[in-house]
Student: 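If you scroll down you'll find the structure; I have some questions about it.
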Amino acid sequence: MPAGATSCPPGGFTLQWNLSRGVTMGWTTIKQIFSDHEQLLNQVLEVRGWIRTQRESKNFAFIELNDGSCFKNLQVIYSDTLANFNEAVKYPLGSALKITGTLVASPAAGQPFELQAEKIEVIGLSALDYPLQKKRHSFEFLRTIPHLRPRTNTFMAVFRVRSLLAYAIHSFFHERGFVYVHTPIITGSDCEGAGQMFRVTTLDLKNPPRRQDSEIDFNQDFFGKETNLTVSGQLNVEGFCLAFNRVYTFGPTFRAENSNTQRHASEFWMIEPEIAFADLGDNMQLAEDMLKYIIRFILEQAPQEMEFFNRFINTSLLQRLQRVLDAKFEHITYTRAIELLQKADSVFTFPPQWGSDLQTEHERYLSEKVFQKPVFVTDYPKEIKAFYMRLNDDGRTVAAMDLLVPDVGEIIGGSQREERHGVLKQRITEMGLKTEDYEWYLNLRKFGGVPHAGFGLGFERSVMYLTGMENIRDVIPYPRTPKNAEF
RNA sequence: UCCUCAGUAGCUCAAUCGGUAGAGCAGAUGGCUGUUAACCAUAAGGUUGGGGGUUCAAGUCCCUCCUGAGGAGCCA
């Protein structure tokens, strides 16, 4: 739960941090004022930040200043005894100021203390057509100004949580001995599985070199072959898993699918852990531990932001997250899930049927109606899953798992990998793929292969789940979606 | 990519059956001694997304394109 109203918890920078780097910056952060206001009371301080809002009367005025160090604003009061009072009341919203004044107890309700300004200097004036106003803006409008929206409460909270969440993920894995592997962004193989890829080329698109048969001659391209942006680091990281035992990737991923939904972006980040000497059960335990760890981490490190989300974005957010922390995640096989869905009272647009993939409406029913908490669905028919997933003894299902969470849907997808050389080779052929494209991958089974497993976690979907934000475009600084790569 | 809805002042929205395009906020000017999205007053602010059509008359009806949102598929 959030600390008292006067604290500004971890997540911003501090003067101590500056001093430890041998830099005396000479001004005080708002974060520090909120945490040390009792000692700082009646002292003269300098602050630097941007005007969030300003209210003026005839002889005095208030500025709410935000310096990015913490979620809260500092109320600054100044009177017409200031030499530049008449100019100051006209400084537009968004202007950057350097203010010197005394920290005093506030006589009015709403804030325990305020800065009594003695000097207000402009560092950078804002123009009169500053798009952000003293009112609520729609997310759609703010998406048109992604370079300015981090100056709003919601987006300042979102992107601080996003930053902390990345830290939480590294922290979780490093505490458990995982090695962080940077798999390539540019990939030379198109064997990473389904998903349209973005071509990477230096060829002249207006006049590409042709072979005898008039096909484009990629031998003359930069890498001497066709290359694309990666859609997953999994296959690559498996090699490192069989050396380091516990590894993970965390980096950008690119999908050229023409997806227009709240949950899809063309460029997004993915976390892919891979563990050796492990089966599907170990894999699911890791996923559950990780999800709970990052929730706990964010609740502790960003209480003000989380309180804000709970008030203005989704009023059941904190309750929902607390329930996840308290719950033991549910486990259910695909076959059982189909049975449950077929017996359900709800009428589905697509009747559930063994052999077909679960529809969004089915997933929502399971996580939101039946269990009302995260649920792992396991052991899918082999035909609807990737070739590298381990074939179960029944010969018709594979050791796959999807984690479905209420409101967001599929947040994690993973599997135990097929470690048996012969079975894997046969699966590649069955799926209509060419074994020669997977020689190096098959080699991992030839040279000391062991049972191993892993999963992929959509980073943005995690941010959405933790903040209650409903559109992926609002948790990415500069989102890329079909027909949108501005800025 | 498919389905549905939407696009009117800088922003958020209104405009009845097709009949002179309005309000709040922001911005401007003036007022106000403790404000919290401050408040009060005044003036200003428009090629109704682009193009074409029907009509005496189109923000409104038709066609088309563009853009956005929601849903579906694909997935993370």
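Fair warning: this is a prediction, and the values are worked out from it, not measured in the lab.
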Student: Could you say whether A/Glu363 or A/Arg473 is positioned toward the 5' end of RNA chain B, judged by the nucleotide with the nearest heavy atom to each?
Tutor: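 Taking each residue's closest nucleotide, the earlier one in sequence belongs to A/Arg473.
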Student: Can you check the distance between B/G73 and B/A37, where both ends of the measurement are the P atom (answer in whole Å)?
Tutor: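 Those two atoms are separated by 42 Å.
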Student: Can you measure from CG (A/Leu74) to CD (A/Glu64) and round to the nearest 0.5 angstrom?
Tutor: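 Atom-to-atom, A/Leu74:CG and A/Glu64:CD are 9.0 Å apart.
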Student: Nearest 0.5 Å please: distance from the OG1 atom of A/Thr230 over to the CG atom of A/Leu235.
Tutor: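 Taking OG1 in A/Thr230 and CG in A/Leu235, the distance rounds to 9.5 Å.
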Student: Does A/Ile472 reach a base, just sugar-phosphate, or nothing at all? Heavy atoms under 4.0 Å.
Tutor: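 Result for A/Ile472 = base.
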Student: Given the P atoms of B/G34 and B/U48, what is the spacing between them in whole Å?
Tutor: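 Per the computed distance, 46 Å lies between those P atoms.
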Student: Would you indicate which nucleotide in B/A69, B/G73, B/G34 comes nearest to any side-chain atom of A/Thr261?
Tutor: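 In terms of side-chain proximity for A/Thr261, the closest of B/A69, B/G73, B/G34 is B/G73.
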Student: What is the distance, to the nearest angstrom, from the CZ atom on A/Phe350 to the P atom on B/G71?
Tutor: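 Taking CZ of A/Phe350 and P of B/G71, I get 15 Å after rounding.
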Student: Select base, sugar-phosphate, or nothing to describe what A/Phe60 touches, counting heavy atoms under 4.0 Å on all strands.
Tutor: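 Since only primed, P, OP1 and OP2 atoms lie under 4.0 Å of A/Phe60, the category is sugar-phosphate.
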Student: Could you check whether any side-chain heavy atom of A/His170 comes within less than 4.5 Å of a side-chain heavy atom of A/Tyr248, counting everything from C-beta outward?
Tutor: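 Side-chain contact under 4.5 Å: yes.
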Student: Please produce a list of atom pairs where a protein N or O lies less than 3.5 Å from an N or O of nucleotides 1-7 of chain B.
Tutor:
{"residue": "B/U1", "atom": "OP1", "partner": "A/Asn258", "partner atom": "ND2", "Å": "2.8"}
{"residue": "B/U1", "atom": "O4", "partner": "A/Asn258", "partner atom": "O", "Å": "3.1"}
{"residue": "B/U1", "atom": "O4", "partner": "A/Asn260", "partner atom": "ND2", "Å": "2.9"}

Student: Apply side-chain hydrogen bond (donor to acceptor under 3.5 Å, both in side chains) to A/Asp357 and list each qualifying residue two or more places apart in sequence or on a separate chain.
Tutor: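 Applying side-chain hydrogen bond (donor to acceptor under 3.5 Å, both in side chains) to A/Asp357 gives none.
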Student: Give the rounded distance in Å between these two atoms: CG of A/Asp357 and P of B/A72.
Tutor: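 It is 14 Å, rounded to the nearest whole Å.
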Student: Between B/G68 and A/Asn484, is there an OP1 or OP2 to side-chain N/O distance shorter than 4.0 Å?
Tutor: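 It does not, given that no N or O in the side chain of A/Asn484 lies less than 4.0 Å from OP1 or OP2 of B/G68.
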Student: For a quick test of reading the model, state the closest non-hydrogen atom pair linking A/Met389 to A/Ala400 and the distance between them.
Tutor: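 That would be SD-CB, 3.5 Å.
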Student: Hey, what do you get for CG (A/Leu165) to CD1 (A/Ile271), rounding to the nearest 0.5 Å?
Tutor: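 Going from CG on A/Leu165 over to CD1 on A/Ile271, the span is 6.5 Å.
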Student: Sort by first number and list every stem of RNA chain B: at least 3 consecutive Watson-Crick or G-U wobble pairs, both distances under 3.5 Å.
Tutor: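 Stems found: B:1-7 with B:66-72, B:10-13 with B:22-25, B:28-31 with B:39-42, B:49-53 with B:61-65.
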Student: For A/Glu114 and A/Glu56, take the nucleotide of RNA chain B holding the closest heavy atom to each; which residue's nucleotide lies nearer the 5' end?
Tutor: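 Result: A/Glu114.
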Student: Within this structure, what is the CD1-to-C1' distance between A/Ile63 and B/G34, rounded to whole angstrom?
Tutor: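 Distance, rounded to whole Å: 15 Å.
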Student: Need one value for A/Glu361: base, sugar-phosphate or nothing, where a base atom within 4.0 Å counts as base even if backbone is also close, heavy atoms only.
Tutor: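 Touches nothing.
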Student: Would you mind classifying the nucleic acid contact of A/Asn59 as base, sugar-phosphate or nothing, using non-hydrogen atoms under 4.0 angstrom?
Tutor: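 Answer is base: heavy atoms of A/Asn59 come under 4.0 Å of a base.
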Student: Distance check, C1' atoms only: B/C11 and B/G51, in whole angstrom units.
Tutor: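 These two C1' atoms come out 28 Å apart once rounded.
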Student: Determine: side-chain N/O of A/Thr360 to OP1/OP2 of B/G73, distance under 4.0 Å, yes or no.
Tutor: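 Result: yes.
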Student: Given the ring of A/Phe141, does A/Arg149 sit roughly above its face, with NZ or CZ under 6.0 Å from the centre of the six-membered ring and within 45° of the axis?
Tutor: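 No; the conditions do not both hold, so A/Arg149 does not lie above the ring face of A/Phe141.
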Student: How is A/Arg52 classified with respect to the nucleic acid when contacts are heavy atoms under 4.0 Å: base, sugar-phosphate, or nothing?
Tutor: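 Contact class for A/Arg52: none.
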Student: Describe the nucleic acid contact of A/Ala109 in one word from base, sugar-phosphate, nothing, applying a heavy-atom distance below 4.0 Å.
Tutor: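 If one applies the 4.0 Å heavy-atom cut-off, A/Ala109 turns out to touch a base.
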Student: Phosphate oxygens OP1/OP2 of B/G71: is one of them under 4.0 Å from a side-chain N or O of A/Arg263?
Tutor: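 For B/G71, OP1/OP2 do not have a side-chain N/O of A/Arg263 under 4.0 Å.
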Student: At under 4.0 Å, does any side-chain N or O of A/Gln262 touch on OP1 or OP2 of B/G70?
Tutor: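 So the side-chain polar atoms of A/Gln262 do come within 4.0 Å of the phosphate oxygens OP1 or OP2 of B/G70, strictly under.
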Student: Between B/U55 and B/A44, how far apart are the two P atoms, rounded to whole Å?
Tutor: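 Rounded to whole Å, the distance is 38 Å.
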Student: In chain order, what residues pass the ring-ring contact (aromatic ring centres under 6.0 Å, His included) check against A/Trp50, with sequence neighbours excluded?
Tutor: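 Scan of A/Trp50 (ring-ring contact (aromatic ring centres under 6.0 Å, His included), adjacent residues dropped) gives none.
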Student: Using the C1' atom on both, measure B/G71 against B/A14 and round to a whole Å.
Tutor: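 It comes out at 28 Å once rounded to the nearest Å.
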Student: Determine, for A/Arg246 against A/Glu274, whether the closest basic-nitrogen to carboxylate-oxygen distance falls under 4.0 angstrom.
Tutor: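 No, no charged N to carboxylate O under 4.0 Å.
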Student: Indicate the ring-plane relationship of A/Phe198 and A/Phe254, choosing parallel, tilted or perpendicular according to the 30° and 60° boundaries.
Tutor: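 Ring orientation of A/Phe198 relative to A/Phe254: perpendicular.
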Student: Under 4.0 Å between a side-chain N/O of A/Ser138 and OP1 or OP2 of B/U12, yes or no?
Tutor: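 It does, given that an N or O in the side chain of A/Ser138 lies less than 4.0 Å from OP1 or OP2 of B/U12.
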Student: Given atom CZ of A/Phe141 and atom P of B/C13, what is their separation to the nearest angstrom?
Tutor: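 One finds 12 Å between P of B/C13 and CZ of A/Phe141, rounded.
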Student: Round to the nearest Å and state the distance from A/His264 atom NE2 to B/C75 atom P.
Tutor: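 Computing the A/His264:NE2 to B/C75:P distance gives 9 Å.
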Student: Of the listed nucleotides (B/G34, B/U35, B/A72), which one gets closest to any side-chain atom of A/Gln111?
Tutor: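 Output: B/U35.
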Student: Classify the nucleic acid contact of A/Thr53 as base, sugar-phosphate or nothing, counting any heavy atom under 4.0 Å across all strands shown.
Tutor: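 The residue A/Thr53 makes sugar-phosphate contact but no base contact.
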Student: Rounded to whole angstrom units, what separation is found between the CZ atom of A/Arg364 and the P atom of B/C75?
Tutor: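 After rounding, the gap between these two atoms is 18 Å.
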Student: Which distance, rounded to the nearest 0.5 Å, do you find between the CD of A/Gln54 and the CG of A/Leu97?
Tutor: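 If we round to the nearest 0.5 Å, A/Gln54:CD and A/Leu97:CG are 8.0 Å apart.
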Student: With sequence neighbours left out, what residues match A/Phe85 under ring-ring contact (aromatic ring centres under 6.0 Å, His included)?
Tutor: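 Applying ring-ring contact (aromatic ring centres under 6.0 Å, His included) to A/Phe85 gives A/Tyr78.
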Student: Roughly how far apart, to the nearest Å, are B/C75 and B/A15 at atom C1'?
Tutor: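 Taking atom C1' in both B/C75 and B/A15, they lie 44 Å apart.
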Student: Using a cut-off of under 3.5 Å, enumerate the N/O to N/O pairs linking the protein to nucleotides 23-28 of chain B.
Tutor:
{"residue": "B/G24", "atom": "N2", "partner": "A/Lys135", "partner atom": "NZ", "Å": "3.4"}
{"residue": "B/A26", "atom": "O4'", "partner": "A/Gln133", "partner atom": "OE1", "Å": "3.4"}

Student: Whole angstrom is fine here: how far is it from CG in A/Asp402 over to P in B/C75?
Tutor: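 A/Asp402 atom CG is separated from B/C75 atom P by 10 Å.
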Student: To the nearest 0.5 angstrom, please state how far the CG atom of A/Leu40 sits from the OG1 atom of A/Thr28.
Tutor: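 Reported value, rounded in 0.5 Å steps: 6.5 Å.
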Student: Using the P atom in both, what is the distance from B/U54 to B/U12, to the nearest Å?
Tutor: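 Straight-line distance between the two P atoms is 35 Å.
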Student: Enter the distance from A/Arg396:CZ to A/Tyr380:OH here, rounded to the nearest 0.5 Å.
Tutor: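 Spacing of CZ (A/Arg396) from OH (A/Tyr380) equals 15.5 Å.
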Student: Under a 90° cut-off about 0 for the syn range, is B/C17 syn or anti?
Tutor: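 For B/C17, whose glycosidic angle is within 90° of 0, the conformation is syn.
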Student: Counting C-beta onward and ignoring hydrogens, is there a side-chain heavy-atom pair between A/Phe459 and A/Val475 closer than 4.5 Å?
Tutor: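 No - every pair of side-chain heavy atoms lies 4.5 Å or more apart.
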Student: In this structure, how many angstroms lie between the C1' atom of B/G68 and the CG atom of A/Leu142, rounded?
Tutor: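 Distance, rounded to whole Å: 14 Å.
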Student: Would you classify A/Pro107 as touching base, sugar-phosphate or nothing, given that sugar-phosphate means primed atoms plus P, OP1 and OP2, and contacts are heavy atoms under 4.0 Å?
Tutor: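 Base, at least one base heavy atom under 4.0 Å.
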Student: What integer number of Å spans the C1' atoms of B/G52 and B/G45?
Tutor: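 After rounding to an integer number of Å, I get 30 Å for this pair.
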